[in-house]
Amino acid sequence: MVHKKHNEQRSHKLVTHLNPKSPISEQYRTIRTNIHFTSINETMQTYMVTSPMSGEGKTTTITNLGVVMAQQEKKVLIVDADTRKPSVHYSFQRHNTKGLTNVLTSQLSLRGAVISTAVPNLDILTSGPIPPNPSELLASPQMEQLLKEACRHYDIVLVDTPPVLIVSDAQIMANRCHGSILVVNSGKTELDSANQAKEALVHAKAKLLGVVLNRKNKRRDKTFYYYGPQ
């Protein structure tokens with residue numbers, strides 16, 4: 001019963017699908033528009049989303065961004081590359097018995113591991129079984145090939161990664177994605193942590209597109225999210 005309730009709470013975070021006319025959904029569409037503006041003069045298909053620390057809303061952000069991008073008639077794939085603490089499958093109420101790690105270890109093809117969702121145009125690649133060597137898998141040539149293949153089948157590929165200040169996975173992926181987005185929590189993220197996360201991404205040669213300010217207190221400001229240049 002507790003497990004079922006936990007999953008239901010996580011699925012409720014997919015507000016852009018469940019309540020597309022809500023103010024929060026509108027804010028996600030604003031973020032989508034700003035991302036589009038940052039790439040108007042170049043071809044960008046792969047976007048990585050990370051946060052300084054855990055529990056700051058990066059998975060909620062990437063899943064809702066995936067929905068609003070798919071609602072724009074774009075074919076979208078969300079890849080859960082947070083193989084240490086996967087959670088994308090919770091948002092879409094899917095199992096995580098197969099996924100990214102199976103593809104990277106040649107047990108499955110990408111198309112064999114991708115899972116469709118209830119959202120038209122939106123597929124997900126869950127993390128799959130938790131591996132003993134997450135960083136090595138993400139740094140492997142197989143990961144680079146996976147992204148190239150994904151770009152042949154999808155207009156946009158969104159990659160969820162672990163927090164950048166905890167492990168090196170996000171820095172590895174930052175160098176492999178066309179753009180990076182940093183999520184910070186207005187009531188939790190410390191300024192020093194946000195700056196350190198930005199520096200870590202810049203050091204990894206990431207193209208940092210902007211910062212999403214998550215969970216801003218609506219009593220003081222009616223907006224929930226802010227997106228702007230780093």
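- Annotation for Leu108 and Ala113: closest pair CD1-CB, 4.2 Å, computed over non-hydrogen atoms.
- When every heavy atom of Arg32 is checked against every heavy atom of Gln72, the shortest pair comes out as CD-OE1, 3.5 Å.
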Exercise. Applying side chain to side chain contact (heavy atoms under 4.5 Å, CB included), run through Val212 and Tyr28 and close with a yes or a no.
Key: CA-CA 10 Å; Val212 175; Tyr28 277 113; 5.9 Å; no

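- Among all heavy-atom pairs drawn from Asp82 and Pro163, the shortest one is OD2-CD, 4.5 Å.
- Of the inter-residue distances, the one linking Leu165 atom CG with Gln171 atom CD reads 8.5 Å to the nearest 0.5 angstrom.
- Scanning both residues, Cys151 and Thr46, for their nearest heavy atoms gives SG-CG2, 3.5 Å.
- Residues passing the side chain to side chain donor-acceptor pair (under 3.5 Å) test with Ser140, sequence neighbours excluded: Gln142.
- Every residue two or more places apart in sequence or in another chain that forms a side chain to side chain donor-acceptor pair (under 3.5 Å) with Ser127 is listed here: Asn96.
- You'll find the side chain of Asp123 stays beyond 4.5 Å of the side chain of His153, heavy atoms only.
- Remark: Glu144 pairs with Lys148, Arg176 by the side-chain contact (heavy atoms from CB on, under 4.5 Å) rule, at least two apart or across chains.
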### Query
Are Met143 and Met173 close enough, and set up right, to give a side chain to side chain contact (heavy atoms under 4.5 Å, CB included), and what steps lead you there?
CA-CA 9 Å; Met143 186 68 207; Met173 290 308 302; 3.6 Å; yes

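- A heavy-atom distance below 4.5 Å is found between the side chains of Glu149 and Arg111.
- Looking only at side-chain heavy atoms (C-beta outward), Thr126 and Val88 stay at 4.5 Å or farther from each other.
- Applying the side-chain contact (heavy atoms from CB on, under 4.5 Å) rule to Glu190 yields the partners Ser193; only residues at least two apart in sequence or on another chain are considered.
- Under the side chain to side chain donor-acceptor pair (under 3.5 Å) criterion, Asp169 pairs with Arg84, Ser135, not counting sequence neighbours.
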Lys13/Thr63 under side chain to side chain contact (heavy atoms under 4.5 Å, CB included): CA gap, chis, key distance, verdict
CA-CA 9 Å; Lys13 293 180 179 178; Thr63 52; 5.9 Å; no

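- Of the listed residues (Asn214, Thr189, Thr61, Asn185), just one forms a side-chain hydrogen bond (donor to acceptor under 3.5 Å, both in side chains) with Glu56, and that residue is Thr189.
- Residues Phe92 and Ile78 meet the side-chain proximity criterion, which asks for heavy atoms closer than 4.5 Å.
- Among residues two or more places apart in sequence or in another chain, the salt bridge (charged side-chain N to carboxylate O under 4.0 Å, His left out) test is passed with Asp80 by none.
- We find the CG-CD distance between Leu208 and Glu199 to be 10.0 Å, quoted to the nearest 0.5 Å.
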**Request:** For side chain to side chain contact (heavy atoms under 4.5 Å, CB included), just list the numbers for Val67 and Gln71, CA-CA rounded to whole Å, side-chain angles, deciding distance to a tenth of an Å, and then say yes or no.
**Result:** CA-CA 6 Å; Val67 171; Gln71 289 170 343; 3.4 Å; yes

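- Side-chain contact between Leu110 and Gln145 is absent, with no heavy-atom pair separated by less than 4.5 Å.
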